[in-house]
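Okay, structure first, notes after.
Numbers restart at 1 for each chain; the letters A, B, ... are given by sequence-line order, proteins then strands. Here the structure is a predicted model, which is why all the values come from computation and not from measurement.
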Amino acid sequence: MTVDESNVILKMTGITKRFPGTLALDKVQLTCERGKVHVLLGENGAGKSTLMKIISGEYQRDEGTVWFNGREVNFTNVRQAMAAGISMIHQELSLLPERTIAQNIYLGHEPEKEGFKGIVDQKKMVTDSKALMDSLGLDMDPQTSVKKLSIAQQQMVEVVKALSQEVRLVIMDEPTSSLTSREINKLFEIVERLKQNGTAIIYISHRMDEIKRIGDSITVMRDGQYIDTVSAAEADLDTLITMMVGRKIQKMYERNYREPGKVIFETDNLCGLRFRDVNIKVREGEIVSLSGLIGAGRTEFAKAVFGIDPIDAGCFKLYGRQINRIDPTNAIKYSMCLLPEDRKKEGLVLQTPIKENLTAACLKKTFKMGILRNKPENEIGEKYVRELRVATPNADKIVGELSGGNQQKVVIGKWLETGCKFLIFDEPTRGIDVGAKCEIYILLDSLVHQGYGILLITSELNEVIGISDRVYVMKDGEITGELTRDELSQDRIMRYAVGEGEVV
Amino acid sequence: MSFKKQNSASLISHILILLAVIAVMAFLRPESFWTVNNLSTVILQQAPYTILMAFGMSLAILAKGIDISMASVMVLSCYLSAPFFKEGNWLLGVLIAFGVGIGFGICNGLLISKIRIEPFIATFSVDFVALGIAYVVCNGKYIYGFSNSFRWITNGELIPGIPNVALITIVVFLLLLFLTRYTIYGRELYSVGYNAVAAQHSGIRVDRMIISVYAINGSLAALTGILFLGRLNAADPSIRGTLTMDSIASALVGGIAFGGGKGSVVNTVIGALIIMFIRNGMNILGISTNWQQSVVGLIILLSTFYNLGIENVIKKIIALRSMDQKQPVQ
């Protein structure tokens, strides 16, 4: 698409960013114009946030050039970028709850009393923030403390805060994920005002309807690469989704499907923190994926089922047993386990040896009379190091010294040793290398052949398509769709995940 | 490096401090410090109380907590049970002493695990409550004059040459060493201390573990109280003294890390002996008790730097040695 060169405020070309072991951005480009909304589109992990952090000075690029406001820039911290007129509104709220709206808005650049350096002019701060909020059409008392505000109002304060200094470019990272439609309208009014003032906006969102509504141009990214930039008016949904998910068919996934057996896990209108009315079932011998975007409530669902978080309403059946309340100890007793999302914090005791982690969930089974003995523990250690091919000289090695993939194998070994047959795997392949991923897929396949039932939560669509028998899609805490293996496609999953399921 | 080697590095480094303290004193005052009489008095008669209390403190710290209330709970259990010991109603005395100790311990555990109050704040508050009740019950009156048969519990010598209080401490030490090192309970305790979230995800009942740890602390406080009664032949709230601070100091100087999960009851014994010998040494050198407090404070500070420094050195030595051993095989 054509760009009016005289109007360009930000121009990034050939941006490359490497993290240890991964290429986060590969020669990405982006051009923003004054008074325009530029939408950045891509799956989780496509590199959008990394790119934004390079603009706002949080990360430094490895290669490429950034032009901002007519000159080449190289921000080494957030303050420099802010001083140049770049403001970022984060997805997670970063306000101080105990302080007032005005204090939050002017945090770090409080107006000083005339003649008294270092003394904050409270009065000026309040009147200035009131004026600022009025200009944006917000009716809030600047002296209210932030903790009394709703999440949506806090989001608005974040916006005001971003605009309290002279801004030329505002970055909004999924600003509407916690807003109701009325509040979204309000936000869009503000965006409209900003555009009229000549401010450029980079807008990150997964919601297709919004993108068409406020976007002027759209840049799509995938796997750290720049795909294309199109005009929002001309773009159609199908093209965008195709561009987002790509067409790569990977050979990594080996599945030998089998006829599933009896139902082992079934929820009945299960409600909890950030999910509600979930009805899903898993049968013996099948891998069922729970797909959706990050923040859709999938991890919260898994934690509630395993008994880490409370169940608010509803119940579930596990191997025929009706369960309303549960804790992890009983969950394991009833043959269920959860491979947690964060293996370092939740899955392993990093400072202890491999073998101690392997027996952690079945101490009573391993050690008779409650007395620790070396022999059974060493046997278990050797067995899983051998069978799961953990790369270590022996099972005495401290688990924290292993690589991510090998750590994950230890967590899996821990659960296999318990003999639990219903496994919930939350992001089992996150942050591990391709080789280990492949091994985990093969392992999952062999497990379902031994009669295990697996509920897989993953944000990688390729993975969902590659190894699932069935897929449930969750959006904002609700199941929006169920797809069988024949119906699986990335387009379909994405449509359900972003709330466009009806269009299909 | 393997897990066991890391732990033994920590232990060796602290035994070194203890030996250094003893060596310095033996050099400065060989005639009064380096005598069987003085050494056995410190180890067998003075140290046991601090060691017993420090055991409890160490368990709490291992479970990523702390127990500020132990000394006051000791005073209260001591005070409430003293009249019965005096009358010779020993069974009731023991029941009341341990009942009070374990009761307050469970209370601490519930506050920390179920109500999720920070361990420091929970036990700090309970400390005031327990001590306050002790002063009210005491009401300025001392209980004194216990029978010799009662005092035998502390001062008698079931094994000639070793006072019973030392014998009891050794038994408790062996029990705790067994419990923490060779049982599922011990494994779970360390897991909770290292990473309570992961422990919970592995099906370990973290709340129960925490409550049980503070209950054990309470019973250790009760036991120390009974032994103290026998030694002092009197009960009054001032016996609390510096026991809380000394037991925290023992754990820290011995190498029990505040982050939880690191160290063992062996470290506690070494730490307590270091503190006791430093106090004893300063007494012999004629340094006033006021200055002794400051010195103990400095020792704690120095020991944290020492922990960082010497452990790395010893780890390197061990690593080098194990490399030497491996090379011929290759």
Side-chain angles (χ1 to χ4, degrees), chain A residues 302-303 306-309 327-334 336-374 377 393-401 411 414-415 417-418 420 426, chain B residues 1-10 62-64 113-114 116 175 177-209 212 256-264 311 315 318-319 322-323 325-326 329-330:
Chain A
K303 287 198 162 175
F306 190 59
I308 302 285
D309 292 335
D327 61 39
T329 317
N330 282 327
I332 294 167
K333 201 188 284 169
Y334 304 154
M336 164 166 59
C337 71
L338 168 68
L339 181 127
E341 189 182 22
D342 187 339
R343 66 177 162 266
K344 285 177 199 271
K345 279 198 194 123
E346 301 162 341
L348 296 166
V349 180
L350 289 175
Q351 304 92 327
T352 57
I354 295 171
K355 58 180 184 184
E356 290 189 14
N357 276 282
L358 285 169
T359 56
C362 54
L363 289 168
K364 290 198 175 69
K365 198 183 91 182
T366 313
F367 303 109
K368 300 282 168 307
M369 316 272 290
I371 309 293
L372 302 181
R373 276 171 304 124
N374 282 328
E377 190 158 75
N394 55 51
D396 292 326
K397 200 174 165 80
I398 306 270
V399 116
E401 295 171 1
V411 187
K414 173 172 90 174
W415 291 125
E417 180 57 26
T418 59
C420 293
D426 194 355
Chain B
M1 184 183 336
S2 84
F3 192 55
K4 279 195 175 132
K5 279 177 186 163
Q6 271 189 14
N7 283 345
S8 56
S10 152
L62 283 176
K64 218 169 191 164
S113 66
K114 297 289 182 193
R116 297 189 185 280
L175 279 175
L177 189 66
F178 178 74
L179 185 70
T180 53
R181 194 170 280 183
Y182 300 105
T183 67
I184 289 181
Y185 180 86
R187 176 68 65 79
E188 293 186 346
L189 170 72
Y190 277 92
S191 296
V192 169
Y194 275 126
N195 186 343
V197 177
Q200 186 200 11
H201 276 80
S202 297
I204 294 171
R205 293 188 192 274
V206 176
D207 289 358
R208 281 189 202 174
M209 169 56 64
S212 72
I256 308 249
F258 250 48
K262 200 158 165 263
S264 79
E311 276 181 39
K315 275 180 201 170
I318 293 177
S322 53
M323 269 170 67
Q325 286 164 359
K326 268 178 202 164
V329 183
Q330 292 167 348

Query - Top of Thr359(A), Leu372(A), Leu363(A), Leu350(A) for chain B proximity - count of heavy-atom pairs under 4.5 angstrom - result: Leu372(A)

Query - Test log, rule side-chain contact (heavy atoms from CB on, under 4.5 Å), inputs Tyr190(B) and Thr352(A) - result: CA-CA 9 Å; Tyr190(B) 277 92; Thr352(A) 57; over 6 Å; no

Counting only non-hydrogen atoms closer than 4.5 Å, does [X] touch chain B with its backbone (N, CA, C, O), its side chain (CB onward), both, or neither?
| X | value |
| --- | --- |
| Ile332(A) | side chain |
| Asp327(A) | side chain |
| Thr418(A) | neither |

Query raised in the report: Which heavy atom of Val349(A) sits nearest a heavy atom of Ala198(B), and at what distance?
Result: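 Where Val349(A) meets Ala198(B) most closely, the heavy atoms are CG2-CB, 4.2 Å.
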
Measuring from [X]:[atom1] to [Y]:[atom2], what's the distance to the nearest 0.5 Å?
| X | Y | atom1 | atom2 | result |
| --- | --- | --- | --- | --- |
| Leu348(A) | Ser191(B) | CG | OG | 11.5 Å |
| Thr329(A) | Arg208(B) | OG1 | CZ | 7.5 Å |
| Ile184(B) | Lys368(A) | CD1 | NZ | 9.0 Å |

Query - Crowding at OH, Tyr182(B) (>12 non-hydrogen neighbours, <6.0 Å) - result: no

Requested in this report: May I ask you to decide if Lys345(A)'s main-chain N or O and Asn195(B)'s side chain share a donor-acceptor pair within less than 3.5 Å?
Outcome: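 The answer is yes, because a donor-acceptor pair under 3.5 Å joins these two groups.
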
Query raised in the report: Mind checking whether Ile371(A) and Phe178(B) have side chains closer than 4.5 Å, heavy atoms only?
Result: yes

Query raised in the report: Run the side-chain contact (heavy atoms from CB on, under 4.5 Å) check on Lys303(A) and His201(B) step by step: do they pass?
Result: CA-CA 10 Å; Lys303(A) 287 198 162 175; His201(B) 276 80; 4.2 Å; yes

